[in-house]
Amino acid sequence: MNVGASRPFRPQRAILFDLDGTLIDSAPDITAAVNELLAGRDLAPLRVDQVKAMIGGGVKKLVERAFAASGSPLSSSALEEANRDMAPIYRRHLTGLTRLMPGVREVLTHFHLNGTAMGVVTNKPQLATREILLHFHLTDYLGAIVGGDAVTHPKPAPDALLLALDQLGVEPADALMVGDSSSDVDAARAAGMPVVLLRGGYTQVPVEELGADLVCDSLLDLPSTMQRLQAAA
Ligand SMILES: O=C(O)COP(=O)(O)O
């Protein structure tokens with residue numbers, strides 16, 4: 001099922017995937033990390049659904065939002081300190097509770113066999129991103145892996161997407177961004193790329209309202225949907 005494409009799709013030479021909420025369900029691990037940090041400050045744990053709504057802006061934003069939701073908003077110096085404390089905690093909770101979203105391996109295999117270049121562009125730190133992708137044996141599919149700290153301006157700025165496309169040697173108009181949130185749409189628009197959003201990711205706003213060219217129920221719908229749209233273009 002999809003919501004109508006808002007512009008013609010031409011065959012894509014590359015696809016950039018968001019990570020959290022798109023390729024992986026990392027919310028349980030991220031919640032465990034957040035709650036370990038909060039417990040260190042005698043604050044009560046947050047639920048996974050609360051933390052889901054805080055993911056997508058990088059680790060520092062996550063920390064800021066978690067303390068605000070706990071009724072203890074941080075000053076900028078306290079945020080810096082909490083963010084420093086979070087780094088080793090976050091690294092201990094990368095894969096234990098994290099699972100691939102449905103269809104990831106099948107869909108990456110499909111596009112790989114198709115000759116489509118692929119990359120991951122996330123606001124998660126680069127080292128953590130690489131460790132997770134290695135854990136799930138996905139790095140062989142990916143010609144570019146760009147974390148939030150690999151650029152000065154992470155998503156929703158276009159920089160990380162443009163860096164990944166540069167590494168893949170593909171122009172923005174010949175590539176597609178696939179994500180789950182407004183920062184993916186905004187980054188893709190700023191980079192001049194079409195964008196597909198998947199339902200079931202980490203957004204509080206319904207994906208239909210985020211201005212994507214297309215919305216799919218799951219990653220598994222992407223190959224057939226792309227074929228149909230390209231045939232019609
Ligand atoms: O906020 C994060 O750490 C990562 O989020 P993203 O993979 O959706 O960009």
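Counting starts at 1 for both ligands and their atoms, following the listed order.
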Problem set entry | Residue and atom name of the nearest protein heavy atom (relative to atom 4 (C) of ligand 1), distance in Å to one decimal | Asp20 OD1, 3.1 Å
Exercise. Can you check whether Val121 has an N/O within less than 3.5 Å of an N/O in ligand 1?
Worked result: no
Exercise. Within the structure, does Lys155 bring an N/O atom to less than 3.5 angstrom of an N/O atom in ligand 1?
Worked result: yes
Exercise. Are Arg84 and Glu81 ion-paired here, with the side-chain N under 4.0 Å from a carboxylate O?
Worked result: no
Problem set entry | Contacting atoms of ligand 1, where contact means under 4.0 angstrom from a heavy atom of Leu19 | 7 (O)
Seminar exercise, completed: Closest to atom 8 (O) of ligand 1 among protein heavy atoms sits Asp18 OD1, 2.7 Å
For this session: Starting from atom 7 (O) of ligand 1, locate the nearest protein heavy atom and write down its residue, its atom name and how far away it is, to 0.1 Å.
Result: Thr122 OG1, 2.6 Å
For this session: Look at Arg13 together with Glu171 and state whether they make a salt bridge at an N to O cut-off of under 4.0 Å.
Result: no
Problem set entry | Enumerated ligand 1 atoms positioned under 4.0 Å from heavy atoms of Gly57 | 1 (O)
For this session: Decide yes or no on salt bridge (charged side-chain N to carboxylate O under 4.0 Å, His left out) for Asp20 and Lys52, but give the supporting numbers first.
Result: CA-CA 10 Å; Asp20 297 86; Lys52 262 189 191 178; over 6 Å; no
For this session: Would you check whether Gly58 reaches within less than 4.0 Å of ligand 1, judged by its heavy atoms?
Result: yes
Exercise. Does anything in residues 132-187 pair up under ring-ring contact (aromatic ring centres under 6.0 Å, His included), and if so which pairs, sequence neighbours excluded?
Worked result: His112-Tyr141
Exercise. Could you give all pairs that pass the salt bridge (Lys or Arg N to Asp or Glu O under 4.0 Å) test and reach residues 91-107, with sequence neighbours left out?
Worked result: Glu36-Arg92
For this session: Indicate whether the side chain of Ser181 and that of Asp184 have a donor and an acceptor atom separated by less than 3.5 Å.
Result: yes
Problem set entry | Ile55 N/O under 3.5 Å from ligand 1 N/O | no
